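The structure appears below as C-alpha cells.
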Amino acid sequence: MTAHRRSQPIAPIAPTVPTAPSSAPSEAASPDADAALARHRAALQERFPLPPQALSPLPHATRDGATAGQRRRPARLLAVALPAAAAALLAWQDPAWRTEHIATGPDRRASVELADGSVVELDTSTRLTVSRHLRSRRLVLQEGRALFDVQASRWRPFLVDAGSTQVRVLGTAFDVRRRGDDVMVTVLRGRVAVAGNHADATLQANDQIHVQAGTLGSTAPVNATDATAWRHGHLVFDHTPLPEVLAEIARYSGRPVRLGDASLAQLEVSGVYRTANADALLTLLPSFLPVRVDTPPDADGERWVLPRPGRP
C-alpha cells in the first residue's frame with residue numbers, strides 16, 4: 001500500500017506595495033551612484049537654466065502681509081504724480097519765464113519784434129516791460145506810447161497793462177498812450193477789450209477811448225492813421241485841447257511845459273507838426289492863441305503858458 005505524504009501548508013504571500021524612491025541617497029549608496037546623480041543634475045541645470053528672478057532671495061513680507069515691493073508702489077506713483085501736479089499748477093498760474101525791459105529816450109523811437117512775431121513800435125520817452133508766459137503774452141506800459149501789431153493766437157491772449165487799464169486782444173493792431181494813470185487806447189484794426197476798475201468796453205477799428213484813473217470814458221470815432229502819425233514823425237491835431245498839445249510838446253522836447261491858468265484849457269489846436277520841431281510849435285502858439293510863453297529864470301528849464309496880457 002502506497003503511503004501518501006501529507007503536503008505542508010503554503011504561507012500566503014503578502015502583497016507588494018510600491019514605495020516612493022527616497023530623494024536622499026541611501027547610506028549604502030555607492031560613490032559611483034553619487035557621481036552619476038551629480039552629472040545628471042548639472043546636465044539638467046545647463047539645459048533648463050532658471051531665470052535670474054528665481055535665484056534672487058524671496059521678498060521680505062511685512063507685518064501686514066505686503067511685500068516690500070508692494071509697499072514701494074505707492075511711493076513710485078507719488079513720485080510720478082507730484083511732478084505732474086506741479087506742472088499743472090504752473091500752467092494754471094501762468095508765471096513769467098522771461099522778462100525784458102525796453103526804453104526809449106526823448107529823441108529816439110524804436111521798433112521791436114517779439115518772439116511770437118508781434119511787432120511793437122515805441123514812441124519817444126517810453127518804457128515797456130515784456131513778459132513771456134506759457135499761456136499768455138503780457139506787456140506793461142509804464143510810460144509813453146506804443147503801437148502793437150499783434151500776431152493772432154487763440155490760446156495765448158495778448159495783454160497790455162497800463163496802470164489801472166488793461167487791453168486784451170487776440171490779433172489786431174492798436175495804440176496805447178499813457179501818462180501816469182491817464183490812458184488813451186486807439187484801434188487801427190481788429191477788436192480789443194479795454195477794462196478799467198469797474199467796467200470794460202469793446203473797441204473796433206477807428207475807435208478811441210480815454211481812461212482816467214481806471215474810469216472809462218465814452219468810445220469815440222477817430223482817424224486811427226492820424227492818431228498814430230507819431231510813427232512817421234508827425235503830430236496831427238484836430239481841435240485838440242491845449243493841455244493835450246502841451247503834453248505832446250513836453251514829450252518830444254524833453255522839457256516840461258505847464259499851463260499857468262485853468263481857463264486856457266478850453267483853447268484848441270489844429271494842424272500837422274513835426275515831432276522833431278516841438279519847441280517850434282510852442283513858440284508859434286502865441287501867434288494864433290491868446291497866450292504867452294514864459295520861462296522863469298529859476299524854473300530849471302520849465303516853460304509856462306500864461307494868458308496874454310489884455311486877453312478878454
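When reading the values below, keep in mind they use all heavy atoms of this one structure, side chains included, and skip hydrogens, waters and symmetry mates. All values reported here derive from a predicted model rather than from experimental measurement.
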Side-chain heavy atoms nearer than 4.5 Å, only ILVMFWY residues, links allowed to pass through others: does that put [X] and [Y] together?
X      : Y      : value
Val130 : Val140 : no
Val236 : Ile249 : no
Val169 : Leu159 : no
Ile102 : Val150 : yes

Problem - Counterpart residues, side chain to side chain donor-acceptor pair (under 3.5 Å), relative to Ser118 (two or more places apart) - result: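 Per chain and number, Ser118 pairs via side chain to side chain donor-acceptor pair (under 3.5 Å) with Asp116.
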If you look at every heavy atom in [X] and [Y], which pair is closest and at what distance?
X      : Y      : answer
Trp304 : Leu259 : CZ3-O, 4.1 Å
Val120 : Ala146 : CG1-CB, 4.0 Å
Arg292 : Pro286 : CA-CG, 4.3 Å
Ser164 : Ala213 : OG-C, 3.4 Å
Leu216 : Val194 : CD2-O, 3.7 Å
Asp175 : Leu188 : N-CD1, 4.2 Å

Practice task
Could you tell me whether Arg177 and Glu143 have a side-chain N and a carboxylate O separated by less than 4.0 Å?
Solution key: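 The answer is no: the pair does not qualify as a salt bridge.
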Problem - Salt bridge present between Asp161 and Arg168 (N-O < 4.0 angstrom) - result: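 Salt bridge: no.
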Mind checking the [atom1]-[atom2] spacing from [X] to [Y]? Nearest 0.5 Å is all I need.
X      : Y      : atom1 : atom2 : value
Arg108 : Thr124 : CZ    : OG1   : 11.0 Å
Leu264 : Leu246 : CG    : CG    : 9.0 Å
Asp226 : Asn206 : CG    : CG    : 10.0 Å
Met184 : Gln208 : CE    : CD    : 4.5 Å
Asp107 : Thr275 : CG    : OG1   : 10.5 Å
Tyr273 : Glu248 : OH    : CD    : 13.0 Å

Considering only heavy atoms from C-beta outward, does the side chain of [X] approach that of [Y] to under 4.5 Å?
X      : Y      : answer
Leu114 : Leu139 : yes
Phe237 : Val272 : no
Val257 : Val293 : no
Ser153 : Gln151 : no
Leu128 : Leu122 : yes
Arg132 : Arg137 : no
Asp200 : Gln166 : no
Leu141 : Thr126 : yes

Will you find, in the side chains of [X] and [Y], an N or O donor that is under 3.5 Å from an N or O acceptor?
X      : Y      : answer
Ser253 : Arg255 : no
Asp207 : Thr219 : no
Gln142 : Thr129 : yes
His210 : Asp182 : yes

Handout entry: Audit row: Leu235, Arg274, side chain to side chain contact (heavy atoms under 4.5 Å, CB included) steps and yes/no
Key = CA-CA 6 Å; Leu235 291 173; Arg274 293 188 59 82; over 6 Å; no
So, does [X] use its side chain to make a donor-acceptor pair with the main chain of [Y] at under 3.5 Å?
X      : Y      : answer
Arg109 : Glu121 : no
Arg308 : Leu289 : yes
Thr283 : Leu281 : no
Asn277 : Ala280 : no
Arg156 : His133 : yes

Handout entry: Sequence-distant partners of Tyr252, ring-ring contact (aromatic ring centres under 6.0 Å, His included), two or more places apart
Key =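 ring-ring contact (aromatic ring centres under 6.0 Å, His included) check on Tyr252 returns nothing, list empty.
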Practice task
Could you go through the salt bridge (Lys or Arg N to Asp or Glu O under 4.0 Å) check for Asp279 and Arg303 one step at a time?
Solution key: CA-CA 10 Å; Asp279 281 332; Arg303 284 81 53 85; 3.1 Å; yes
Handout entry: Positive for side-chain hydrogen bond (donor to acceptor under 3.5 Å, both in side chains) with Arg145, one of Asp123, Thr104, Thr186
Key =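 Passing option: Asp123.
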Problem - Residue pair Leu147, Arg231: steps toward the side chain to side chain contact (heavy atoms under 4.5 Å, CB included) verdict - result: CA-CA 9 Å; Leu147 186 142; Arg231 302 163 60 198; 3.4 Å; yes
Practice task
For Thr165 and Val160, run side chain to side chain contact (heavy atoms under 4.5 Å, CB included): C-alpha distance rounded to whole Å, both residues' side-chain angles, the deciding distance at 0.1 Å, then the answer.
Solution key: CA-CA 8 Å; Thr165 303; Val160 177; over 6 Å; no
Exercise for the section: Would you check, one step at a time, whether the test side chain to side chain contact (heavy atoms under 4.5 Å, CB included) holds for Asp294 with Val305? Expected result: CA-CA 6 Å; Asp294 188 17; Val305 176; over 6 Å; no
Practice task
Give the other cluster members for Val119, using side-chain heavy-atom distances under 4.5 Å between Ile, Leu, Val, Met, Phe, Trp and Tyr residues; answer none if it is isolated.
Solution key: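 Noted: Val119 shares its cluster with no other residue.
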Practice task
Give the ring-plane orientation class for Phe174 versus Phe158, where under 30° counts as parallel, over 60° as perpendicular and anything between as tilted.
Solution key: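 Perpendicular: the ring planes of Phe174 and Phe158 meet at over 60°.
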